[in-house]
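Read the numbers this way: they start at 1 and go in the same order the structure lists the ligands and their atoms. Counting begins at 1 with the first residue of the sequence.
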Amino acid sequence: MASDVVFLGGPGAGKGTQAQIFRDHGYRQISTGDLLRDNRARGTELGKRAEGYMQRGELVPDDLIVEMVAKALTDGASVLFDGFPRTIAQARALDELLASRGRGLPHAILFEIDRPLLEERLLGRWTNLRTGRVYHEKFNPPKVAGIDDEDGSELVQREDDKPDIVKRRLDVFEEQTRPLVEYYRKPPASRLVSVDATQPIERVTQQLLEALKIRASSWIAQ
Ligand code: ADP
Ligand code: AMP
């Protein structure tokens with residue numbers, strides 16, 4: 001059975017960075033932020049409906065998000081959900097969606113990191129909007145400033161990585177997404193493990209590999 005995993009953590013915690021790395025470990029990445037930005041770039045109806053929320057740093061309504069994820073979820077490879085779910089309603093909908101597709105309940109990995117470091121990461125982030133690949137001007141700089149090492153695309157600072165919106169996004173995380181920690185920890189069996197997301201990128205990857213290995217054996221036992 002597929003072992004689907006939710007990356008849970010504030011904006012800037014490093015979820016997207018790790019999700020890209022785990023593509024090489026056989027996982028498929030579903031990043032709702034990337035999917036929404038792609039819809040906006042293509043001018044789809046969904047993109048138009050999501051735009052205002054994203055610009056303000058608010059969450060896009062649950063029904064739009066859940067429908068988008070249901071369309072993106074195909075049979076086969078285990079999926080890493082990056083940036084989804086972000087509300088309790090989305091978490092419940094994901095459990096139901098996976099069950100309806102004959103997949104087990106997802107496990108969650110909490111990226112633990114405090115707010116000042118999240119702010120620093122978001123304010124220094126440079127993004128390739130075409131692929132979702134990210135850099136940081138201090139922690140993970142590209143070889144040439146403003147250019148993606150991999151495909152030569154231009155890197156940009158996202159509009160919602162500006163200070164006011166960053167503050168709002170971090171508040172929204174605390175109010176609406178943090179409660180998912182308890183959701184995934186709930187008895188009878190906790191589905192949550194934590195990693196120290198303040199560590200350098202390679203060290204976080206190591207912790208995730210370890211966590212996924214342990215989880216994989218308990219999934220088999222279930
Ligand atoms: P998220 O997807 O959780 O919003 P990102 O993966 O986009 O976070 O990372 C946010 C910023 O922090 C990016 O600029 C990225 O290069 C940088 N970053 C990611 N992981 C680390 C890390 N472990 N240490 C230092 N910087 C990191
Ligand atoms: P991200 O790239 O994950 O930081 O997401 C960027 C923006 O997209 C967020 O600030 C929200 O406006 C929107 N978004 C992404 N994922 C979700 C989600 N699961 N639920 C609601 N809104 C989302």
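When F111, Y135, W126 are checked for heavy-atom proximity to atom 14 (O) of ligand 1, Y135 turns out nearest.
Side-chain contact check for T87 and D62: at least one donor-acceptor pair (N or O, by modelled atom type) lies under 3.5 Å. A side-chain donor-acceptor contact under 3.5 Å links Y135 and D148. Using modelled atom types and a 3.5 Å distance limit, the side chains of E150 and T131 yield no donor-acceptor pair.
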If you apply the rule side-chain hydrogen bond (donor to acceptor under 3.5 Å, both in side chains), what do you find for R28 with T74, and how did you get there? CA-CA 10 Å; R28 216 185 126 221; T74 50; 3.1 Å; yes
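Sparse packing is recorded around CG of D164, with 12 or fewer heavy atoms of other residues, nucleotides or ligands lying under 6.0 Å away. More than 12 non-hydrogen atoms from other residues, nucleotides or ligands lie less than 6.0 angstrom from CZ of R115.
Residue-level contacts of ligand 2 at the 4.0 Å heavy-atom threshold are T32, G33, L36, R37, M54, E58, L59, V60, I65, G83, F84, R86, Q90, R158, D160, R169.
Counting protein heavy atoms only, atom 22 (C) of ligand 1 is closest to R121 NH2, 3.3 Å. Nearest protein heavy-atom contact of atom 7 (O) of ligand 1 is R125 NH1, 2.6 Å.
Remark: ligand 1 atoms within the under-4.0 Å shell around heavy atoms of F139 are 25 (C), 26 (N). Against a heavy-atom cut-off of under 4.0 Å, I201 is close to the following atoms of ligand 1: 20 (N), 21 (C), 22 (C), 23 (N). Using a 4.0 Å cut-off to heavy atoms of P11, the atoms of ligand 1 that qualify are 4 (O).
Between R191 and D95 there is a side-chain heavy-atom pair separated by less than 4.5 Å.
Taking only nitrogen or oxygen atoms, main chain and side chain alike, D82 does not reach within less than 3.5 Å of ligand 1. When only interatomic distances are considered, the shortest N/O to N/O separation between A13 and ligand 1 falls below 3.5 Å. Considering backbone and side-chain N/O of G12, one or more are found under 3.5 Å from N/O of ligand 1. Considering backbone and side-chain N/O of G16, one or more are found under 3.5 Å from N/O of ligand 1.
For R56 and Y53, the positive end sits near the middle of the six-membered ring, less than 6.0 Å away and at most 45° from its axis. Figure legend: K186 and Y183 shown as a cation-pi pair, the cationic atom lying under 6.0 angstrom from the six-membered ring centre and within 45 degrees of its axis.
Aromatic ring centres of F7 and F81: separated by at least 6.0 Å.
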